[in-house]
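A short write-up of the structure that comes next.
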Amino acid sequence: MNDAQKHRWGLWLGLLGVVMFAATLPMTRLAVGTQEAPLLSPWFVTFGRAAVAGVLSVVYLWVTRSPRPADHEWRPLGVAALGNVVGFPLCLGLALREVEAVHAAVVVGILPLATAVMGSWVTRQRPSLGFWLCAVTGTALVMVYMGLHGGAASWRLSHADLLLLGAVLFAALGYVKGGQVTQSLGAEQVICWMLVMSLPLTLPVAWYFAPDQPIPTPSWLGFVYVSLFSVWIGFFAWYRGLHWGGMVRVSQVQLLQPFIAMVFAHWLLGEALDATTVLFALAVIATVFLGRKMPVYSLTKSSSSNS
C-alpha cells in the first residue's frame with residue numbers, strides 16, 4: 001500500500017472510529033442515568049468497561065502472539081491509559097449525570113482542536129497563526145455556549161461543564177500519547193496493552209462499585225456498548241487511522257462527531273435538538289474545519305505540512 005492509499009484509508013478508519021466514539025455520549029448516559037433517576041455508577045461504568053475490554057485484550061494479545069512493548073514504550077502507554085481508559089470516561093460519565101448528551105456533544109466538539117494543539121506540541125510542529133485563531137475562536141464559542149446553558153446569570157461554568165472540559169483534555173492527551181507508539185507497536189496492540197496494564201486497577205475498582213440492586217436492561221446495553229466499542233474496537237480503527245493518515249490531519253475528522261452524537265442522542269434517548277445547540281455546533285465545526293485547512297510547520301524543516 002503506497003502513502004496516498006494509506007492516507008486515504010487512514011481518514012476512513014478515523015471516521016469509523018469517530019462514529020463509534022460519537023455513540024459513546026448517549027450510550028454512557030443510557031448506562032449511568034440522571035441525577036433524578038441514577039442507574040449504574042459512573043465509577044463502575046468507567047472501570048467496568050475497561051476491565052471487560054482488558055480481559056478481551058488479554059485474549060487478543062495471546063491469540064495474536066503480540067510481543068511485549070519495549071521499555072521506552074511503557075511510559076507513553078501509561079499516560080495514554082490515564083487519558084483514555086480512566087480520565088475521559090470518568091469525567092464524561094459524571095458529567096452526563098447532570099447534562100444531556102446533546103449538550104456534551106457541543107462541548108466535546110472542541111476535541112479535534114485540543115488533539116491537534118497537543119499533537120503539534122508533542123511532535124514538535126508549529127501551527128500557523130490562522131490555526132491558533134481557529135482554535136481560540138472554537139474554544140470561545142464553546143465557552144459562550146456553556147455560559148448560555150449554565151442557567152446562571154453570572155455565566156459561571158457548571159460542574160458538569162468543567163468535567164466535560166476535563167474529559168476533552170484527558171482524551172486529547174490519550175490520543176496523542178497513544179498515537180506516538182502506534183508506529184512501532186501497532187494500532188491494535190496500543191489499546192490492548194493500555195487496557196491490560198490497567199487491569200490491576202480497573203478490576204478491583206469495578207468490583208467495588210458493582211451495582212447491588214437490579215438495573216434495567218437498556219442501562220446494561222449501554223454498558224456493553226461502551227465496553228466493546230468505545231474503549232476497545234473503536235480504538236483499533238482510531239489509532240490505525242492516526243498512524244496511516246497523520247495525527248494532526250485525521251484528528252480533524254472528529255468535526256463530524258458532535259452531529260453524529262446528536263443524532264444518536266435523539267434516536268436513542270429522545271433528546272430534543274434546540275436551535276441554539278445546532279447553531280453553536282455548526283459554528284464550532286466551522287472553526288474546526290477552517291483550522292484543518294491552516295498550515296502546520298515543522299520546527300526542524302522550513303516547509304509546511306497540512307494540518
Side-chain angles (χ1 to χ4, degrees), residues 17 20-21 24 27-28 31-32 39-97 118 122 163 166-212 215 219-220 222-240 242:
M20 295 183 192
F21 294 153
T24 299
M27 286 297 186
T28 299
V32 302
L39 297 171
L40 292 170
S41 164
W43 292 84
F44 172 76
V45 172
T46 295
F47 291 92
R49 75 178 202 164
V52 170
V55 172
L56 293 173
S57 295
V58 171
V59 176
Y60 177 87
L61 293 171
W62 178 72
V63 170
T64 59
R65 301 178 181 269
S66 299
R68 286 169 54 88
D71 291 343
H72 69 275
E73 293 172 328
W74 286 110
R75 183 174 179 179
L77 283 172
V79 177
L82 173 65
N84 292 143
V85 176
V86 178
F88 173 77
L90 182 58
C91 288
L92 186 66
L94 292 170
L96 285 172
R97 275 277 180 93
M118 195 167 294
V122 170
L163 286 169
V168 167
L169 293 177
F170 273 120
L173 177 65
Y175 290 163
V176 171
K177 299 305 290 186
Q180 271 190 305
V181 292
T182 297
Q183 184 172 0
S184 58
L185 194 58
E188 298 79 11
Q189 285 73 19
V190 167
I191 185 59
C192 285
W193 281 112
M194 283 165 51
L195 290 162
V196 169
M197 69 187 296
S198 302
L199 280 174
L201 172 67
T202 57
L203 277 173
V205 175
W207 180 269
Y208 180 82
F209 286 100
D212 56 2
I215 299 295
S219 180
W220 281 115
F223 174 77
V224 170
Y225 180 91
V226 297
S227 299
L228 294 180
F229 295 96
S230 300
V231 76
W232 198 49
I233 298 174
F235 279 99
F236 280 35
W238 180 245
Y239 279 135
R240 179 63 63 182
L242 287 177

If you take all heavy atoms of [X] and [Y], which pair is closest and at what distance?
| X | Y | answer |
| --- | --- | --- |
| Gly174 | Asn84 | C-OD1, 3.0 Å |
| Gly166 | Cys91 | C-SG, 4.2 Å |
| Met194 | Met197 | O-CG, 3.2 Å |
| Leu195 | Ala50 | CD2-O, 3.8 Å |
| Val32 | Gly93 | CG2-O, 3.9 Å |
| Gly17 | Ala237 | N-CB, 4.0 Å |

Stepwise side-chain contact (heavy atoms from CB on, under 4.5 Å) test for Val52 and Phe223: CA-CA 10 Å; Val52 170; Phe223 174 77; 4.2 Å; yes
Return the orientation label for the Trp232 and Tyr60 ring planes: parallel under 30°, perpendicular over 60°, tilted otherwise. perpendicular
Ring geometry between Phe209 and Trp43 (parallel below 30°, tilted from 30 to 60°, perpendicular above 60°): parallel
Starting from the C-alpha separation in whole Å, work towards a yes-or-no answer on side-chain contact (heavy atoms from CB on, under 4.5 Å) for Met118 and Lys177. CA-CA 10 Å; Met118 195 167 294; Lys177 299 305 290 186; over 6 Å; no
Return the [atom1] to [atom2] distance between [X] and [Y], rounded to the nearest 0.5 Å.
| X | Y | atom1 | atom2 | answer |
| --- | --- | --- | --- | --- |
| Phe170 | Leu163 | CZ | CG | 10.5 Å |
| Leu96 | Met27 | CG | CE | 13.0 Å |
| Gln189 | Thr64 | CD | OG1 | 5.5 Å |
| Leu94 | Thr28 | CG | OG1 | 11.0 Å |
| Leu77 | His72 | CG | NE2 | 9.5 Å |
| Leu40 | Arg49 | CG | CZ | 13.0 Å |

Passing candidate, ring pair (Phe, Tyr, Trp, His ring centres under 6.0 Å) with Phe21, options Phe88, Phe229, Phe235: Phe235
Taking atom CH2 of Trp207 as the centre, does the number of heavy atoms from other residues, nucleotides or ligands within less than 6.0 Å exceed 12? no
What residues form a side chain to side chain contact (heavy atoms under 4.5 Å, CB included) with Thr46, not counting sequence neighbours? Pro89, Leu90
